[in-house]
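Computed from a prediction, not measured in an experiment: that's the story for all the values here.
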Amino acid sequence: MGDMVKTLTARQGKILSCIAGEYIVSKVPVGSKILSKKYKFGIKPSTMRIEFQKLTDMGYLAQPHTSAGRVPTDKGYRFYVDNLHSSTFNRGFDSIENEIEDSLGFFQVMTRKIAELTSNLAITYFPAEDIVFKEGWDEIFKEPEFEDSTFIAKFMEAVQSFEKHIGDLEDFDDPRVFIGKENKMVTASEFSTIVSRIHLPKKKEGIVVILGPKRMAYDKNVGIMNSLIKLLE
């Protein structure tokens with residue numbers, strides 16, 4: 001007999017989503033005590049520890065060697081992203097509306113604004129001009145993952161790969177999230193991307209990529225991308 005596919009209980013799903021959300025904000029592995037204290041699950045600490053272990057055994061969580069806490073795996077992040085509610089981020093793009101007609105100026109300002117709002121690297125490509133903008137280096141290098149020189153080297157490799165292949169990305173009119181190895185076209189197993197095609201005046205199009213560590217604020221970043229798409233409509 002093949003392995004039975006184990007589905008998460010509602011409680012396990014809630015615990016996993018809380019762990020992912022907590023880790024994204026706190027930047028440190030999440031322990032069962034902290035989760036029990038901060039979120040009211042109404043279960044004993046021993047039961048919470050059991051649920052942590054079950055989620056680990058099912059491949060949704062991992063335990064870094066240096067910590068007693070857990071972090072989401074790619075599978076855990078995928079569950080978290082799939083259970084986000086569609087959102088928009090209403091602030092931030094008001095100041096660039098007047099520049100939409102000036103294509104290149106708008107593209108560069110827009111790219112910089114996405115980087116500022118997401119604290120990740122924003123990469124944009126505009127086929128009509130055959131130009132790529134990259135903004136957000138200062139923001140992204142403040143993240144704790146970038147204290148590791150190996151991580152920096154892999155990130156730079158991923159950026160170069162995206163710049164080379166960005167014109168070949170699939171045609172998504174709504175934001176799509178790719179976690180780790182889901183990034184099929186480029187070597188970006190350490191990172192996550194949010195990709196969308198945008199429609200501009202005069203029938204022009206562009207591609208927007210948000211690139212950062214897998215510990216990124218997916219809900220906020222998808223909302224920012226949705227807001228940009230809504231503005232350009």
List the atom of Val30, the atom of Tyr23, and the distance in Å for their closest heavy-atom pair. CG2-N, 3.8 Å

Could you walk me through whether Glu163 and Tyr125 pass the side-chain hydrogen bond (donor to acceptor under 3.5 Å, both in side chains) test, one step at a time? CA-CA 8 Å; Glu163 190 170 6; Tyr125 173 62; over 6 Å; no

Please say yes or no: joined through hydrophobic side-chain contacts below 4.5 Å, possibly via intermediate residues, are Ile50 and Leu16 part of one cluster? no

Test side-chain contact (heavy atoms from CB on, under 4.5 Å) on Met110 and Val208; report intermediate values, then the result. CA-CA 10 Å; Met110 180 193 74; Val208 178; 4.2 Å; yes

Rounded to the nearest 0.5 Å, what separation is found between the CZ atom of Arg112 and the CD atom of Glu116? 7.5 Å

Using the rule that two of Ile, Leu, Val, Met, Phe, Trp, Tyr join whenever any of their side-chain heavy atoms come within less than 4.5 Å, decide whether Phe162 and Met156 are in one cluster. yes

Hey, are Lys214 and Glu190 close enough for a salt bridge, meaning a charged N less than 4.0 Å from a carboxylate O? no

Return the minimal non-hydrogen interatomic distance between Ser196 and Ile229, and the atom names on each side. OG-CD1, 3.3 Å

Heavy-atom closest pair, residues Ile194 and Val177: CG1-CG2, 4.0 Å

Going from CZ on Phe126 to CD1 on Ile131, what distance comes out if it is rounded to the nearest 0.5 angstrom? 9.0 Å

Taking the inter-plane angle between the rings of Trp137 and Phe141 on a 0 to 90° scale, is it parallel (under 30°), tilted (30 to 60°) or perpendicular (over 60°)? parallel

Under 4.5 Å between any side-chain heavy atoms of Asn120 and Asn221, yes or no? yes

May I ask you to decide if the ring planes of Phe191 and Phe151 are parallel, tilted or perpendicular, using 30° and 60° as cut-offs? perpendicular

Check whether any side-chain heavy atom of Pro175 lies under 4.5 Å from a side-chain heavy atom of Val195, and answer yes or no. no

Starting from the C-alpha separation in whole Å, work towards a yes-or-no answer on side-chain contact (heavy atoms from CB on, under 4.5 Å) for Lys33 and Lys37. CA-CA 6 Å; Lys33 284 184 181 178; Lys37 191 174 180 181; over 6 Å; no

When you check the gap from the basic side-chain N to the acidic O, do Lys27 and Glu143 get nearer than 4.0 Å? yes

Can you tell if the side chain of Ile198 reaches within under 4.5 Å of the side chain of Glu205, non-hydrogen atoms only? no

Do Arg70 and Thr56 get their side chains close enough for a donor-acceptor pair, meaning under 3.5 Å? yes

Report the distance from atom NZ of Lys54 to atom OG1 of Thr47, rounding to the nearest 0.5 Å. 9.0 Å

When you compare the side chain of Ser192 with that of Tyr218, does any pair of heavy atoms fall below 4.5 Å? yes

Under a 3.5 Å distance rule, please check whether Thr118 uses its side chain to pair with a backbone N or O of Ile114 as donor and acceptor. yes

List the steps and the verdict of side-chain contact (heavy atoms from CB on, under 4.5 Å) for Val209 and Ile166. CA-CA 9 Å; Val209 177; Ile166 194 165; 3.9 Å; yes

Between Phe41 and Leu8, is there shared hydrophobic-cluster membership here, with clusters defined by ILVMFWY side-chain heavy atoms closer than 4.5 Å? yes

Value rounded to 0.5 Å, distance of CD1 in Ile140 from NZ in Lys134: 14.0 Å

Mark yes or no for whether Asp130, through its side chain, and Pro127, through its backbone, hold a donor-acceptor pair below 3.5 Å. no

Does Glu157 offer a backbone N or O that forms a donor-acceptor pair with the side chain of Ser161 under 3.5 Å? no

Any chance you could lay out the side-chain contact (heavy atoms from CB on, under 4.5 Å) test for Phe133 and Ile123, step after step, and finish with the verdict? CA-CA 6 Å; Phe133 290 111; Ile123 307 173; over 6 Å; no

I'd like to check Ile15 versus Tyr39 (side-chain heavy atoms, cut-off strictly below 4.5 Å). Are they in contact? no

Transitive ILVMFWY side-chain link Ile179 to Met58, under 4.5 Å: yes

Ile19 vs Leu35 side-chain heavy atoms within contact, under 4.5 Å: yes

I'd like to check the side-chain contact (heavy atoms from CB on, under 4.5 Å) partners of Thr150; sequence neighbours left out, ordered by chain and number. Asp148, Lys154

Quick one: does any side-chain atom of Gln12 pair with a main-chain N or O of Thr9 as donor and acceptor, under 3.5 Å? yes

Closest non-hydrogen atom pair, Lys181 against Ser189: CG-CB, 3.7 Å

Do Asp138 and Lys142 sit within salt-bridge range, that is, some charged N less than 4.0 Å from a carboxylate O? no

Within one Ile-Leu-Val-Met-Phe-Trp-Tyr cluster: Ile43 and Phe52, side-chain cutoff 4.5 Å: yes

Do Met225 and Asp174 make a side-chain contact, defined as non-hydrogen atoms from C-beta onward lying under 4.5 Å apart? no

Nearest heavy-atom pair of Gln63 and Gly69: which atoms, and what distance? CG-O, 3.6 Å

Between Gly136 and Leu121, the two heavy atoms sitting closest are C-CD1, 3.9 Å

Let me confirm one number: the CD-CD distance from Gln53 to Glu51, rounded to the nearest 0.5 Å. 11.0 Å

So do Tyr80 and Asp219 actually touch side chain to side chain, heavy atoms under 4.5 Å? yes

Here the gap from Gln108 atom CD to Thr124 atom OG1, rounded to the nearest 0.5 Å, amounts to 8.5 Å

